[in-house]
Amino acid sequence: MKVLFRADEIAERVKTLGSEISSYYRGRDLTVVGILKGSFMFLSDLVRRIDVPVQLEFVRLSSYRNASEPQGTVKISMDIEDDIRGRNVLIVDDILDTGQSMLAFKRHLEEMGVHSVMVCTLLDKTYRRAAPIQPDFYGFRIEDGFVVGYGLDYAEQYRTLPDIYVIDT
Ligand code: IMP
Ligand code: MG
């Protein structure tokens, strides 16, 4: 495994992202929806860098990768229970890869009647994008390659590492 982003570089970037997000939402309500489990570390650092009031929600998604479900559906194994109708929502995730689950989840929130939905991911892996979606805020763009650490896992390992690594495959 090779270090791709050190903890101090991540912290610096997260600080900047926090101020961009704060400027964008200043004077408006903001509900941050974290996608578990991958976003937990990024989200907890990011929300401490946002200086407008934030409400927090968490969801857990699992995609139908090999099932006969139509593309563009997402299984929500833990959904939002509070009423978020009319709210400005910022979805926070670790990485945007194909974008399929994010697009489906974004549509799900729109159907719940939110006022606006934006997407923030720490990493933007553009190479494999298959769905028409881009992050509105992102930390770093990366080439193809599998990354772990700072919340990201490989078979549930490495999530708790403070730096981000790329795995040699
Ligand atoms: P997709 O954008 O629907 O393809 O799926 C994105 C999800 O796949 C992310 O939330 C991660 O959980 C996982 N993922 C994609 N690429 C990586 C990676 O390089 N390392 C760890 N998890 C990844
Ligand atoms: Mg994930």
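Numbering of ligands and ligand atoms starts at 1, following listing order.
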Ligand-residue contact atoms, ligand 1 with [X], heavy atoms, under 4.0 Å:
| X | answer |
| --- | --- |
| S101 | 1 (P), 3 (O), 5 (O) |
| Q100 | 3 (O) |
| D153 | 21 (C) |
| L152 | 20 (N), 21 (C), 22 (N) |
| G99 | 1 (P), 2 (O), 3 (O), 4 (O) |
| G145 | 19 (O) |
| D93 | 10 (O) |
| T98 | 1 (P), 2 (O), 3 (O), 4 (O) |

*Can you tell me if S39 has a non-hydrogen atom under 4.0 Å from ligand 1?*
no

So that I can tick it off, tell me whether [Y] and [X] are bridged by a salt bridge, with the cut-off set at under 4.0 angstrom between side-chain N and carboxylate O.
| X | Y | answer |
| --- | --- | --- |
| D163 | R6 | no |
| E156 | K37 | yes |
| D124 | R129 | yes |
| R107 | E110 | no |

*Is the closest side-chain donor-acceptor distance between Y127 and D97 under 3.5 Å?*
no

*Scan side-chain atoms only and decide if D93 and S39 contain a donor-acceptor pair under the 3.5 Å cut-off.*
no

*Would you say S77's side chain and R60's backbone share a donor-acceptor pair under 3.5 angstrom?*
yes

*Which one holds for V148 and ligand 1: side chain close, backbone close, both close, or neither close, with close meaning a heavy atom under 4.0 Å?*
neither

_ligand 1 contact on M102 by region, counting heavy-atom pairs under 4.0 Å_ = neither

*So, Y165 versus Y158, ring centres under 6.0 angstrom or not?*
no

*If you measure from atom 16 (N) of ligand 1 to every heavy atom of R128, K125, R159, which option wins on shortest distance?*
K125

